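What you see is a predicted model, and the numbers here were worked out from it, not measured in a lab. Labels below follow one simple rule: chain letters A, B, ... track the order of the sequence lines, proteins then strands, and each chain is numbered from 1.
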There are 2 protein chains.
Amino acid sequence: MAEKAIIKYLSGKNLKLTPQRKLILEVFLNQGGHVSSEELYDIVKARNPGIGQATVYRTLKLFSEAGIAEEVRFGDGVSRYERKDSQNHHDHIICEKCFRQVEFSDPTIEDLQEKQARKHGFDLISHRMVLYGVCSDCRE
Amino acid sequence: MAEKAIIKYLSGKNLKLTPQRKLILEVFLNQGGHVSSEELYDIVKARNPGIGQATVYRTLKLFSEAGIAEEVRFGDGVSRYERKDSQNHHDHIICEKCFRQVEFSDPTIEDLQEKQARKHGFDLISHRMVLYGVCSDCRE
DNA sequence: TAGAAAATGATAATCATTATCACCTCTGAC
DNA sequence: GTCAGAGGTGATAATGATTATCATTTTCTA
């Protein structure tokens, strides 16, 4: 589970488990989709008003490094984070009108990405794929 | 050709073809890969020192709207632009060590993207796909 | 329990991009 | 030709997300 993963990561690097990190982790895990640092900060602040915004930024980056969060960018200049389940990778479709987001995954595409990478001499590590379109509600 | 496209776009919107725009267009077209606004500004400034950085930003955005340039983001916080050839769409693989970039295109992936979008009720407009890996030179 | 190492919170600094604004340049009606 | 108005430009200030700094506090280990 993610809490265990964090504790292990921290102790392996001489890093410390603080109340702030615990709280941010808990809030982050209970958050379904993709959260920006600021959104998370608002929620966290409601439960611990003393917490600083910089700490949220720092902690989300830490979660990324620890492998329990993944940074997602949709191109609006804001970084969002979502839970990283290696069993459950997915990509995104975004509606350009209402910004609704849908997650999907397509193993065939993943295979083809792997093949393309190999074909060009790369060892594939990760990828970002975002589709932009118009959703059924906005098509009118 | 792209110059024609720009002239047509401009006149269709009561916008003007200025010497600055001409110069930026020429430099942009002679630029192979993806350029950031700042890189382009440096080149352009060498030929017309009076030109302002804001103009380069504005003009690249204009080219995007006119359909002759496409904005690409690799996730380092900088927007880059490349020539848009609708016949010649491609995606990118980036080496995480040396940042070398390779372009590729895969019609099968494009098909599958289209299918995924439809499956979720979206009309697909565009997509961004970037693969991250380690290139053969950096694998050692 | 002491003390080094790390974390925190407040705040200043960055850095790419955008907005503002005074001035310039073109075009077309008179 | 002159004038008016729309659009463009360049300099600079503003923005907004993120990061660095630093004095203070906390954590963990010996």
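The shortest distance between the side-chain N/O atoms of A/S79 and the OP1/OP2 oxygens of D/dT18 is below 4.0 Å. OP1 and OP2 of D/dA17 both lie 4.0 Å or more from every side-chain N or O belonging to A/S36.
Grouping Ile, Leu, Val, Met, Phe, Trp and Tyr residues whose side-chain heavy atoms lie under 4.5 Å apart, directly or via other members, places B/V134 in a hydrophobic cluster with A/I125.
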Fill in: Nucleotide-resolved protein contact map, nucleotides 23-30 of chain D, B/S/- at heavy-atom distance under 4.0 Å
----BS--
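In this structure, B/N48 CG and B/I43 CD1 are separated by 14.0 Å, a value rounded to the nearest 0.5 Å.
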Discussion item. Using side-chain contact (heavy atoms from CB on, under 4.5 Å), reason through A/L131 and A/D91 one step at a time and then give a plain yes or no.
Written reply: CA-CA 8 Å; A/L131 310 185; A/D91 296 292; over 6 Å; no
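Not less than 6.0 angstrom separates the ring centroid of B/F104 from the ring centroid of B/H92.
Contacts between residues 49-66 of chain A and DNA chain D, defined by a heavy-atom separation below 4.0 Å, involve A/A54, A/Y57, A/R58, A/K61, listed by number.
Atom NZ of A/K13 is separated from atom P of C/dA5 by 18 Å (rounded to the nearest Å). Residue B/N48 contributes atom CG, which lies 17 Å from atom P of D/dG8 at whole-angstrom precision. Here the P atom of nucleotide C/dT25 and the NZ atom of B/K22 are 15 Å apart, to the nearest Å. Between the CZ atom of B/R21 and the P atom of C/dT25 there is a distance of 15 Å, given to the nearest Å. In this structure, CG of B/D76 is placed 14 Å from P of D/dT18, rounded to the nearest angstrom. C/dA16 atom P lies 14 Å from atom OH of B/Y81, rounded to whole Å. The separation between B/L23 atom CG and D/dG8 atom P is 17 Å, rounded to whole Å. The interatomic distance linking B/E38 (CD) with C/dT14 (C1') rounds to 13 Å, in whole Å.
Counting heavy-atom neighbours within 6.0 Å of A/K8 NZ, excluding the residue itself, gives a total of 12 or less.
Salt bridge A/E26/A/K22: absent, no basic N to carboxylate O contact under 4.0 Å. Ionic pairing of B/E71 and B/R73 is present here: one or more N-O contacts between side-chain nitrogen and carboxylate oxygen are shorter than 4.0 angstrom.
Looking at B/Q116 and B/Q113, their side chains never come closer than 4.5 Å, going by heavy atoms from C-beta outward.
In summary, the side chains of B/E82 and B/H90 do present a donor paired with an acceptor at a separation below 3.5 Å, with no hydrogens or angles considered.
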